Each structure stands twice: as C-alpha cells, then as structure tokens.
Visitor: 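Can you keep this structure in mind? I'll have questions shortly.
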2 protein chains.
Amino acid sequence: MSVREAIARRTRAEPAHVQPEGAHDKLLQAAERLFAAHGYNGVSVRELAAAAGVNSALVAYHFGSKEGLLSEVYRRHCEKLNGERQRLLAEARAKSRPPRLEAVLEAFIRPALEVAGGDEGESFTRLRAVLSGENSDLLDKLVAENFDRSSALFIDALCECLPHLPREQAYWRFHFLLGTIYYTAAGPHRIRALSNGRCDPSDSEAAMRALIPFLAAGLKTPPAKD
Amino acid sequence: MSVREAIARRTRAEPAHVQPEGAHDKLLQAAERLFAAHGYNGVSVRELAAAAGVNSALVAYHFGSKEGLLSEVYRRHCEKLNGERQRLLAEARAKSRPPRLEAVLEAFIRPALEVAGGDEGESFTRLRAVLSGENSDLLDKLVAENFDRSSALFIDALCECLPHLPREQAYWRFHFLLGTIYYTAAGPHRIRALSNGRCDPSDSEAAMRALIPFLAAGLKTPPAKD
DNA sequence: GTCTATACAGTGATAGAC
DNA sequence: GTCTATCACTGTATAGAC
C-alpha cells in the first residue's frame with residue numbers, strides 16, 4: 001500500500017477488507033449486511049449492535065441515530081456507484097466524440113445493476129425503496145446529496161448524443177430511464193413470475209441486452225409536436 | 001337508501017359517500033387518508049384509531065393487524081384502478097382491431113397516473129413503495145393478488161399490436177414500461193428538482209404526452225439480434 | 001473519547017372483563 | 001362486539017465507569 005493510500009485510509013475510515021477494530025466500523029459493516037438483508041425497519045438497533053458485538057447505545061453515539069447509520073451506509077454505496085459511472089463515461093468519451101448513445105447508457109446502467117446484483121451490495125437498491133416510501137424527507141436529502149451532480153453530468157452526455165432533443169424532453173426521458181433502472185434493480189420478482197422465469201432481471205447482462213436498445217429507441221424518437 | 005342498496009352496503013362494506021357507522025368503515029376511511037398522507041410507518045395504530053374515533057384495539061380486531069388494514073386499503077384502490085384500465089382497453093379495442101399501440105398504452109397508464117394525482121388516491125402509489133422495500137413478502141402477495149391478471153391481459157394486448165415482437169421481449173419491455181409508470185407516480189420529486197420545475201410528473205397530461213411516444217418507440221424497435 | 005448500564009416514552013398486539 | 005389493561009419490544013437519551 002502506498003503512503004498516499006495509507007493516509008487516505010486513515011482519514012477516510014475505509015477499512016477495505018481488514019478486520020474492523022472500533023465499534024464505528026463494526027457497526028457499519030453489520031448494518032450494510034443487515035439493512036440489505038431485511039430492510040430498514042426489518043432490523044432493530046439492538047440486533048445491529050448484537051451482530052456487531054457492541055453495546056446498542058453506540059449507534060446513537062457514533063451516528064446520532066439509526067437513520068444516521070443508514071445515511072452513512074447509503075453514502076458509501078453511492079460513492080462507489082458514482083465513481084464507477086464516471087469512469088465508464090470517461091472511457092466512452094475517450095473512444096469517440098460525441099460518445100455513442102449506447103455507450104453512455106451502458107456507463108450509467110451497468111454499475112447500478114451490477115452493484116445491485118453483487119454480493120455486498122445485493123439489496124442496496126432496496127434501501128432506496130425503503131426510504132422512498134417511508135422517510136421521504138431523509139430520502140430526498142440523501143438522493144440530492146448523492147445523485148444530483150452525477151445525474152446532471154449524464155443528462156449533459158445524453159444531450160451531447162442527441163443534439164436535436166429539446167432540453168425539457170431530455171429531462172423527461174432521463175426520468176423514464178431512471179424508472180426502468182430502478183424498477184429492474186429493486187423489483188425483479190414481478191417480471192420473473194409473470195414470464196415464468198424466462199426473464200430474470202437479476203441477470204445483469206440479459207437485462208442490459210434488453211434494456212439498452214429499448215431506451216436508445218425511445219430516446220432517439222422525435223418528441224410529440226404540441 | 002333503497003333496500004337493495006342497504007343490502008349491498010351490508011355485504012360489501014362499500015359506504016360510498018355516506019357517513020360510516022361501524023368501526024370497520026371508520027377505520028378504513030381514516031387509514032386511507034392517513035396512510036396516503038404519512039406513509040405506513042408514519043402513522044401509528046393509536047393515531048389511526050383516534051382519527052376514526054374508535055378504540056385502538058379495534059384495528060387488530062377487525063383487520064387482524066395494522067398490515068391487514070393496509071392490505072384492505074390497498075386492495076380497494078387496486079380494484080378501482082384495474083376496473084378503469086379494463087374499461088379503457090375495451091374502448092380501444094372497440095375502435096380498431098388490433099387496437100392502436102398508443103391507445104393500449106394510454107389505457108394502462110392513464111388510470112395509474114390519475115389515481116396517483118387525484119384527491120383521495122393522491123399518495124396511493126407511495127404505499128407500494130413503502131411495501132416494496134419493507135414488507136416484501138406482503139407486497140409480493142398483494143401485487144400477485146391484485147395485478148397478475150390485469151398485467152397478463154395487457155401483455156396480450158401489446159403482443160396483439162406488435163405481432164413481430166418475441167414473447168420474451170414483450171415481457172422485458174412490459175417490465176420496463178412498469179418501471180416508468182411506477183417511478184413517475186411514486187418519485188416525482190427527483191425530476192422536478194433536476195429540471196428546476198420544468199417537468200412535473202404530477203401533471204398527468206404532460207407526463208403522458210412525454211411518456212407514450214417514448215414507450216411506443218421503445219416497444220416498436222427490433223430487439224437486439226443475439 | 002469510548003463505552004456500559006439503565007431508564008423512558010411510544011409501538012403493535014393480545015388476553016380477558018364486560 | 002367492544003374496550004381496558006397489559007405485554008414485549010422499539011429508538012433514543014443520559015449518567016457515570018474506564
């Protein structure tokens with residue numbers, strides 16, 4: 001590990017893969033696992049503390065409240081997700097200017113679906129669903145903090161690919177695009193059951209193979225006149 | 001009130017617009033309002049009972065649990081929603097065989113967005129978000145009970161309009177379509193903020209004017225070869 | 001600073017009186 | 001049928017040990 005990485009680790013509380021030592025890190029690790037597995041209200045502060053092997057009062061001490069702990073878990077996931085998105089977008093731009101529409105879509109979608117299907121972040125997107133209905137004030141704050149900048153960057157990239165699309169339509173269509181990603185990541189049960197297992201949204205590759213042409217066609221079509 | 005109406009009320013517990021008399025109806029009415037306003041966990045059993053003017057133990061007595069009460073509220077909304085969808089679909093079929101793709105889409109989408117934007121059902125779709133993250137077992141059951149039949153009917157209608165689309169692709173694209181509707185109804189904050197208010201998904205007409213051409217183009221495009 | 005022990009008000013649910 | 005009293009449990013706050 002370089003000196004620079006070591007400093008980053010110390011200041012940023014990012015224990016990578018080592019055994020966590022303080023209650024702070026142990027709680028974060030347990031919360032990541034349990035929130036993903038059982039949702040926010042599905043796990044109590046006392047269970048979190050027990051799983052982390054620490055006293056239950058420490059979640060209030062270290063994170064202010066149970067919500068504070070959730071916010072921190074959420075923030076860390078978004079950090080990874082957005083970093084990956086921007087890396088892939090830069091790659092797409094490096095290949096051609098303007099980038100291919102399909103490449104921009106993939107840069108935005110792949111990290112969202114893979115983080116959702118991976119081991120550690122398996123049910124990460126479910127946390128958004130939890131919050132969206134429930135603590136909608138907290139959710140608005142978290143979404144704004146973690147996604148506003150990244151979303152604006154992708155809307156710009158889309159407009160770059162679609163120079164004839166009015167800005168207002170770009171907003172609408174970006175919104176619809178978010179809906180398809182969100183629903184694919186958060187609610188895979190539905191379509192799996194309806195199709196008798198023929199469509200499985202937790203298969204990221206299959207989902208993207210179906211989703212990207214669909215979105216590209218919708219994005220390219222001329223908007224209604226009126 | 002006619003004799004027939006009185007019998008219907010007694011058997012069906014559908015008080016229409018009259019003052020509810022029993023605790024059962026009073027609770028349903030209060031729950032519809034309060035769940036929509038504050039979400040599921042945002043309102044306690046004691047608050048529900050107080051708003052209905054009945055003892056708090058009666059929600060367990062009449063509905064088994066707080067979840068049971070929610071299920072009943074949910075079921076009643078879905079009943080209206082699906083009835084309206086099928087009425088509009090029949091209308092579209094009456095105009096042309098096969099029906100126009102755009103007319104089928106409108107029959108499916110309009111009731112979902114209007115029920116979401118109306119007075120009584122303003123935050124109805126938020127309830128789905130609540131459940132989807134949280135009580136995912138209950139949600140799966142409710143969705144299956146209330147939407148499986150209606151969804152299958154609309155997938156059939158889509159395939160009627162798109163005879164060249166493989167059935168598996170139809171499932172995928174119906175799934176994506178659901179995502180755009182769901183996200184538009186449940187999460188209007190996001191796009192409103194990003195667009196500085198220029199796009200407002202709670203304006204059903206504007207949302208449909210943007211959404212239907214987008215979906216129609218995506219649905220019509222030939223799927224990826226592979 | 002970090003942590004333990006404990007207390008508090010509020011939750012959904014339930015047994016049993018009337 | 002209706003309601004009271006009560007239960008086990010929740011998230012949070014705090015006093016005080018180390």
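Just so we're clear, the structure is a prediction, and the values are computed from it rather than from any experiment.
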Visitor: First locate atom SG of A:C199, then atom CG of A:L194, and finally report the distance between them rounded to the nearest 0.5 Å.
Guide: 9.5 Å

Visitor: Name the residue from A:F147, A:F154, A:F108 that meets the ring pair (Phe, Tyr, Trp, His ring centres under 6.0 Å) definition with A:F174.
Guide: A:F108

Visitor: Measure CG/A:L138 against C1'/D:dG11 and give the value in whole Å, please.
Guide: 15 Å

Visitor: How would you label the contact of B:A60 with the nucleic acid (heavy atoms, under 4.0 Å): base, sugar-phosphate, or nothing?
Guide: base

Visitor: Anything below 3.5 Å on both distances counts as a pair; with that, list the stems of at least three consecutive Watson-Crick or G-U pairs involving DNA chain D.
Guide: C:1-18 with D:1-18

Visitor: Measure from CG on A:D25 to C1' on C:dC3 and round the result to the nearest Å.
Guide: 16 Å

Visitor: Calculate the interatomic distance between A:K66 atom NZ and D:dT12 atom C1'; express it in whole Å.
Guide: 12 Å

Visitor: Enter the distance from B:L81:CG to B:S150:OG here, rounded to the nearest 0.5 Å.
Guide: 7.0 Å

Visitor: Ring-plane angle category for B:F176 and A:F214, please: parallel below 30°, perpendicular beyond 60°, tilted otherwise.
Guide: tilted

Visitor: Please give, in whole Å, the distance from D:dT2 P to B:H62 NE2?
Guide: 5 Å

Visitor: Between the protein and nucleotides 4-6 of chain C, list every N/O to N/O distance that falls short of 3.5 Å.
Guide:
{"residue": "C:dT4", "atom": "OP2", "partner": "A:N55", "partner atom": "N", "Å": "3.2"}

Visitor: Between atom NZ in A:K26 and atom P in C:dT2, what is the gap in whole Å?
Guide: 14 Å

Visitor: What's the spacing between B:E72 CD and B:L69 CG if we round to 0.5 Å?
Guide: 8.5 Å

Visitor: Does B:E205 form a salt bridge (Lys or Arg N to Asp or Glu O under 4.0 Å) with B:R110? I'd like the steps, not just the answer.
Guide: CA-CA 9 Å; B:E205 294 302 329; B:R110 180 180 288 283; 2.7 Å; yes

Visitor: For the pair made of CD in B:E47 and C1' in C:dA9, what is the distance, rounded to whole Å?
Guide: 14 Å

Visitor: Separation of A:E67 atom CD from D:dG11 atom P, in whole Å?
Guide: 11 Å

Visitor: Within the distance-only criterion (no hydrogens, no angle test), does the side chain of A:N82 pair as donor or acceptor with the backbone N or O of A:N146 below 3.5 angstrom?
Guide: yes

Visitor: Would you check if the side chain of A:Q86 reaches a backbone N or O of A:G83 as a donor-acceptor pair within less than 3.5 Å?
Guide: no

Visitor: May I ask you to say whether B:R209 pairs ionically with B:E106, meaning some side-chain N is under 4.0 Å from a carboxylate O?
Guide: no

Visitor: Where the side chain of B:Y61 is defined as all heavy atoms beyond and including C-beta, which of C:dG1, D:dG1, D:dG11 is the nearest nucleotide?
Guide: D:dG1

Visitor: Less than 4.0 angstrom between a side-chain N/O of B:S44 and OP1 or OP2 of C:dT11, yes or no?
Guide: yes

Visitor: Roughly, in whole Å, what's the span from CG in A:L70 to C1' in D:dT12?
Guide: 17 Å

Visitor: Kindly say whether the aromatic ring centers of B:Y74 and B:Y40 come within a distance under 6.0 Å.
Guide: no

Visitor: So that I can tick it off, tell me whether A:R76 and A:E79 are bridged by a salt bridge, with the cut-off set at under 4.0 angstrom between side-chain N and carboxylate O.
Guide: no

Visitor: Are any protein N/O atoms closer than 3.5 Å to N/O atoms in nucleotides 16-18 of chain C? If there are, list each pair with its distance.
Guide:
none

Visitor: What's the spacing between B:L48 CG and B:K66 NZ if we round to 0.5 Å?
Guide: 7.0 Å

Visitor: For D:dG1 and B:H24 - does any side-chain N or O of the residue sit under 4.0 Å from the phosphate oxygens OP1/OP2?
Guide: no

